[in-house]
Enquirer: 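The structure that follows is given in the form of structure tokens.
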Number of protein chains: 2
Amino acid sequence: MKGIKKSGVRPRFQVIKDSICQAIKERIYLPDEQIPTEYELAKQFSVSRMTANRAIKELVAEGLLVRYQGLGTFVAMVQAESPLLEIRNIADEIRGRHSVYSNERYRLQEVKADKELAVQLGITPGDPVFHSLIVHKENGQPLQFAERYVNAAIVPDYVNQDFSVTTPSQYLSELFPLSEIEHIVEAILPNFLEQELLDISAETPCLLVNRRTWSANNLISYARLVHPGNLYRLSSRSEI
Amino acid sequence: MKGIKKSGVRPRFQVIKDSICQAIKERIYLPDEQIPTEYELAKQFSVSRMTANRAIKELVAEGLLVRYQGLGTFVAMVQAESPLLEIRNIADEIRGRHSVYSNERYRLQEVKADKELAVQLGITPGDPVFHSLIVHKENGQPLQFAERYVNAAIVPDYVNQDFSVTTPSQYLSELFPLSEIEHIVEAILPNFLEQELLDISAETPCLLVNRRTWSANNLISYARLVHPGNLYRLSSRSEI
DNA sequence: TGTCTATAATTGTATATACAATTAAAAGAG
DNA sequence: CTCTTTTAATTGTATATACAATTATAGACA
């Protein structure tokens with residue numbers, strides 16, 4: 001009969017994973033410390049480099065390790081520190097609270113990308129982009145300053161749309177189905193325009209959500225969503 | 001700085017992943033439908049079976065596909081994108097990799113819960129809690145002000161631990177395996193103590209991560225993690 | 001008919017090898 | 001000394017190959 005030993009045999013890559021996990025847990029490998037290279041692990045466990053590579057690659061995916069090409073593999077600095085956040089459409093969020101949603105649209109025009117914007121959109125400074133600016137309000141109180149830049153080379157007709165009948169995100173999602181989305185959250189103080197439109201003081205800290213969207217590997221848009229810190233939070237609660 | 005769209009060549013396994021992703025998205029492959037076998041994909045994309053295997057294995061890890069040995073690979077039934085995004089600290093990218101970690105511990109003592117803390121921990125004002133305060137630093141620069149309150153009624157020995165050999169999170173996670181976790185992120189201006197310990201001005205906006213943890217329906221701890229907004233960001237990037 | 005068996009299909013694991021890409025450090029040039 | 005170039009170390013990707021494990025099914029057999 002074969003197959004009996006199967007239940008007892010752990011795959012070799014799993015043995016390596018377990019060993020590294022335990023070493024991290026027992027603080028034999030400390031945070032940010034370099035662990036043995038693939039070559040060394042392969043020798044140590046008498047496996048091929050590919051098998052050691054698989055073990056490490058999976059641990060990286062699980063967040064226990066980080067690795068840098070040319071440098072090595074290191075124990076992740078912050079274990080289990082990554083929150084899950086829900087970033088929702090602001091209008092839905094406001095309506096979900098049974099509040100009155102409204103907005104004010106301030107601009108929709110073609111501009112030339114400055115240096116920073118060019119970096120964000122992966123284009124060349126001076127390239128044309130479409131710029132729109134909307135302030136979303138809850139019960140008349142400004143809750144989000146939403147500035148969006150769209151790559152004009154990819155979406156040339158964006159500026160000609162009538163966004164009173166459709167919405168920018170609706171228009172974009174139909175023509176350019178979302179393939180990838182990036183959010184970066186940071187804390188800032190509002191600039192003058194943001195102070196004015198959000199009706200807040202210069203000392204009110206704000207949550208800034210930077211959002212970039214891709215469609216079929218094209219970087220379509222970059223949005224800057226500014227929220228007054230005293231009115232808006234990102235939260236999540238999850239079972240493990 | 002990379003991490004932006006790889007402009008040059010896309011790895012072959014990535015091309016296969018993209019192709020399958022898109023086919024799922026466009027409902028060319030329907031939920032529960034079998035997709036081509038590794039052998040067929042390898043032939044179709046003119047790659048080795050190992051490369052096709054990698055593409056599929058990663059899509060399985062991402063939840064788009066499920067596979068059964070001996071049967072085949074199928075489109076996952078639940079394509080329900082949770083709006084929850086896993087957000088990770090990208091302090092590494094901001095600071096670069098030449099970092100030396102250190103921390104300073106300021107307190108570990110039993111205190112009585114005030115009204116606000118009692119609300120957070122679901123206890124009665126005056127109940128005992130353990131309070132610890134650590135400032136995490138890299139290259140001597142303060143990066144996180146971490147204030148943690150632990151319910152003393154549930155974890156009575158917390159204050160007696162020697163946290164130079166173990167860590168608070170390690171101790172807690174072993175005795176009280178995490179069952180639920182809540183994060184609330186907001187933007188604040190630092191109070192005087194935070195300014196001092198983080199070595200920032202009163203005008204530096206900060207990201208505050210409020211974290212509460214549960215174990216077996218007991219509210220174990222409440223942590224207040226304050227990060228200077230210019231050094232700390234939360235980021236997520238996900239394929240759809 | 002019902003049950004066991006062999007087989008084909010498919011995924012799972014493992015190896016040896018090769019070359020590319022990235023990084024830090026050493027070596028060299030001025 | 002400073003700047004540039006080269007080199008070594010390490011991870012990233014890719015291939016060809018082999019055999020193991022699992023599953024459904026077709027076929028053999030009683």
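Proteins come first, then strands; the chains are lettered A, B, ... in the order of their sequence lines, and each starts at number 1. Note that this is a predicted model, so its numbers are computed, not measured.
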Enquirer: Using the side chain to side chain contact (heavy atoms under 4.5 Å, CB included) criterion, which residues pair with A:Leu30? Sequence neighbours excluded.
Expert: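 A:Leu30 satisfies side chain to side chain contact (heavy atoms under 4.5 Å, CB included) with A:Arg27, A:Glu33 only.
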Enquirer: When you compare the side chains of A:Thr213 and A:Ser221, does any donor N or O come within less than 3.5 Å of an acceptor on the partner?
Expert: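 There is such a pair between these side chains.
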Enquirer: Spell out, as yes or no, whether a donor-acceptor pair under 3.5 Å connects the side chain of A:Thr73 to the backbone of A:Ile35.
Expert: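 Not a single qualifying donor-acceptor pair exists.
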Enquirer: All N/O contacts under 3.5 Å from nucleotides 3-7 of chain C to the protein, with atom names and distances to one decimal?
Expert:
none

Enquirer: Assign a letter to each nucleotide of nucleotides 10-19 of chain C from its 5' end: B, base within under 4.0 Å of a protein heavy atom; S, sugar-phosphate only; -, no contact.
Expert: BBBSBBBBB-
Enquirer: When the ring planes of A:Tyr149 and A:His131 are compared, do they come out parallel, tilted or perpendicular, using 30° and 60° as the limits?
Expert: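 Taking A:His131 first and then A:Tyr149, their aromatic rings lie parallel (interplane angle under 30°).
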Enquirer: Would you please enumerate the stems DNA chain D participates in, each stem being three or more consecutive Watson-Crick or G-U wobble pairs with both distances under 3.5 Å?
Expert: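 Counting only runs of 3 or more consecutive pairs, the stems involving DNA chain D are C:1-30 with D:1-30.
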Enquirer: Between B:Val185 and A:Arg233, is any pair of side-chain heavy atoms under 4.5 Å apart?
Expert: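 No, too far: nothing below the 4.5 Å cut-off.
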Enquirer: Could you note down all residue pairs passing salt bridge (charged side-chain N to carboxylate O under 4.0 Å, His left out) where residues 64-77 of chain B supplies at least one of them, sequence neighbours left out?
Expert: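 Non-adjacent pairs meeting salt bridge (charged side-chain N to carboxylate O under 4.0 Å, His left out): B:Glu38-B:Arg67.
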Enquirer: If we count only N and O atoms by modelled type, under 3.5 Å, do the side chains of A:Glu116 and A:Gln120 hold a donor and an acceptor together?
Expert: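 There is no such pair (donor and acceptor under 3.5 Å, judged by atom type) between the side chains of A:Glu116 and A:Gln120.
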Enquirer: Might you confirm whether atom OH of B:Tyr106 has over 12 heavy atoms from other residues, nucleotides or ligands at distances under 6.0 Å?
Expert: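 Check passes, neighbour count above 12.
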Enquirer: Can B:Asp18 and B:Gln14 be counted as having a side-chain donor-acceptor contact under 3.5 angstrom?
Expert: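 Yes, side-chain donor-acceptor contact under 3.5 Å.
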Enquirer: Partners of B:Gln161 by side chain to side chain contact (heavy atoms under 4.5 Å, CB included), sequence neighbours excluded?
Expert: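 Result, side chain to side chain contact (heavy atoms under 4.5 Å, CB included) vs B:Gln161: B:Asp157, B:Phe163, B:Tyr171.
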